[in-house]
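In what follows, a single structure is set out as structure tokens and then discussed.
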Number of protein chains: 2
Amino acid sequence: MSDKDKKNQYSNPPTMHDVAHVAGVSQMTVSRVMRGTGYISKDVLKRVQDAAISIGYVHNRLAGGMSKYDNPLIGVVVPSLQNRVFTEVLSGISDTLNNNNLQPVFGVTEYSLEREEEIVFDLLSWRPRGLILAGLEHTDGLRRIIEQTGVKTAEIMDVDGSAIAASFGISQKAAGEQMAKYLLNKGYKNFAYIAWLDERAKKRFDAFKAYIENHGGIISQTRISPKMLSMKEGRELTADILSGSDKPEVIYYANDDLAAGGLMHCITENIKVPEDVALAGFNGLNFLEALPVQITTTKTPRYEIGVEAANWISDKNSKQEERRVHEFDIELIKGDTT
Amino acid sequence: MSDKDKKNQYSNPPTMHDVAHVAGVSQMTVSRVMRGTGYISKDVLKRVQDAAISIGYVHNRLAGGMSKYDNPLIGVVVPSLQNRVFTEVLSGISDTLNNNNLQPVFGVTEYSLEREEEIVFDLLSWRPRGLILAGLEHTDGLRRIIEQTGVKTAEIMDVDGSAIAASFGISQKAAGEQMAKYLLNKGYKNFAYIAWLDERAKKRFDAFKAYIENHGGIISQTRISPKMLSMKEGRELTADILSGSDKPEVIYYANDDLAAGGLMHCITENIKVPEDVALAGFNGLNFLEALPVQITTTKTPRYEIGVEAANWISDKNSKQEERRVHEFDIELIKGDTT
DNA sequence: TTGACATATGTTTGCGCAAACATATATTTT
DNA sequence: AAAATATATGTTTGCGCAAACATATGTCAA
């Protein structure tokens, strides 16, 4: 009897029942083998595995997971896949969930809180065991859904604010103040700021600005865009700022891409850094190491944040109600550009 | 009666039945409202929606999707989230699937074909409507599973080889030859090559090398690493190559990050590009625009590849059996570095 | 005014699995 | 040798939904 004939005796697609029939055991025993739970003898284990392969059976989690709200899915919602910060966190999440036999289901919001609510609602229809969201800002509707369903939720990137349950991130406020303090200590007084403002950059800048202005400095120029900016715009906006008459002593950028763009402008135009203008970024991305000069920046543990959040979600003992705040350390990298 | 009391009358979590009871309709009508199918009067529509919100009902796709192999999940498997090439493709996929009301479920292989097989097997347990894989190289086991389950599969990035069903990508072979031809025409004869070799870079380099050597050029040095390399290593390996006595006229890099690292070395060391050494990359990533000089490279339509693959998967009329090859155009960007 | 068709809703049914429980045999302890 | 425990398997049951089909009522044309 050919393989094809053999297959046709059974349901299409084949079910555990079919596997059980071939292996000469009960459907429940097949279920145990598929999930690796309970007691199974070596002999039966092999027979079931062989039977499954021979008829091309693939485990169907939709069926069993039905109604139980504890299947191995984790909803992960991030603002963007174009921003390396999020893809690094995602890497940490993906690696960790894999180690815990959980499966991420992704959504991308493009930085819209309304979109986030829609996506989460949609993801919840898969009855995920947990949810990982970016930031602490969400719509009221989203908060309500999470409360109503009781789905275990981790918020990442940011700890300045009120979390739904557990939060994993850095204090954006502290990061902004730390950089302000460092730059003031270096003797700089006249600052410019270039950014594209997501929620976290906003918190960082507010703290930065407040500290600067409370300690005798001024922010004489800003270039703030509502839409996402990258290295290219960092270069252009730096050129713009430096072409004016009131030249700042330092430019603080909302991220390293912008700062690197600024550095490229200075290299191209033979502007001395930090003598003519100093530069500071944020994130501490790896590619900075490859640049001709080391940019001053704040290093954030992005991969680790993803790992810890995913571990918390995976841990059956961690409770939604504990509302733990996991604040990660940041490190100010004193580079050559300040 | 408080909201809480009202909720407690019903199942926990609430079901369509509960919603139906509150709205005074049948469970099937609620199902129609949730999925937006069939005929529903304005009045009933509103009553059902209100009822759902009032008792905190969230649609459960696990239940209905059971056994039907046509639920709105798409499995997406990529080698890495650290490589911008894949995150850009992913962006295209994510955006497009969203537009088609499909939900991506992700897996990351870390460039291991065995891991890919495991991940796909795992993803299939969610009975996805389709699968998007990177590359044309897969284990025999994976090919067999795909054939057995008949799951609609798109392969992306690469079209040089034998696809399972539909493939979406560029000809790596053509890209390698095109660059070889261009550089030979510029008069260069002595080449170096720096790479970390994934399947696609390998095909590209084989074609590049064959063309060079068949047309009077030589590849005098190579630096090929089995593990992933970034800008930093691009800089270091370039320094290494240029520190030797047999200096190549051009360095061809497997990607733009490596090439940009090479450029950074040249800028730092005041090496004239392209007079002392010419550089060429691959991908045409956006950040190249921000560099002090434009690097010669091959521009690939990454986002579009993601969009088209996702559209094909979403299209109910597209058939697995057609085995269409969707080859995308590449463009050689003649920069300042050659 | 009849029939054809669009619109709107309800009833029955079974999908494939895993929890809960039952049972049976082997192994160890007392 | 009896009791306790570990190991190994089977039986029954129901999860929540959507397909298939049935049944109304409204609307329009002939």
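Each chain gets a letter, A, B and so on, in the order the sequences are listed, and its residues count up from 1.
A close approach under 4.0 Å does occur between a side-chain nitrogen or oxygen of H59(A) and OP1 or OP2 of dA18(C). Proximity of R35(B) to the phosphate of dG16(D): no side-chain N or O atom is located under 4.0 Å from OP1 or OP2. Distances shorter than 4.0 Å separate some side-chain N or O of S31(A) from OP1 or OP2 on dA18(C).
With sequence neighbours excluded, the residues forming a side-chain contact (heavy atoms from CB on, under 4.5 Å) with V307(A) are T96(A), Y303(A), N311(A), listed by chain and number.
Using a cutoff of 4.0 Å between basic side-chain nitrogens and carboxylate oxygens, K46(B) and D50(B) are scored as salt-bridged. By the 4.0 Å N-to-carboxylate-O rule, D122(A) lies close enough to R61(B) to be salt-bridged with it. Using a 4.0 Å cut-off between charged nitrogen and carboxylate oxygen, E118(B) and R115(B) count as a salt-bridge pair.
Between the side chain of T153(A) and the backbone N or O of V151(A), at least one donor-acceptor pair lies under 3.5 Å.
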At a cut-off of 3.5 Å, list every protein nitrogen or oxygen paired with a nitrogen or oxygen from nucleotides 4-11 of chain C, distance to 0.1 Å.
unit_1  : atom_1 : unit_2 : atom_2 : d
dT7(C)  : OP2    : Y39(B) : OH     : 2.8
dT9(C)  : OP1    : S41(B) : OG     : 2.9
dT9(C)  : OP2    : S41(B) : N      : 2.8
dT9(C)  : OP2    : S41(B) : OG     : 3.1
dG10(C) : OP2    : S26(B) : N      : 2.8
dG10(C) : OP2    : S26(B) : OG     : 2.8
dG10(C) : OP2    : T29(B) : OG1    : 2.6
dG10(C) : N7     : R32(B) : NH1    : 3.3
dG10(C) : O6     : R32(B) : NH2    : 2.5

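Between N60(B) atom CG and dA18(D) atom C1' the separation is 12 Å, expressed in whole Å. Atom pair L62(A):CG and dG16(C):P shows a separation of 11 Å (rounding to whole Å applied). When rounded to the nearest whole Å, the span between CE of M34(B) and P of dA18(D) equals 10 Å. The distance between atom NE2 of H17(A) and atom C1' of dG16(C), rounded to the nearest whole Å, is 11 Å.
Ring geometry for H326(B) against F168(B) counts as parallel: the plane angle stays under 30°, on a 0 to 90° scale with 60° as the upper cut.
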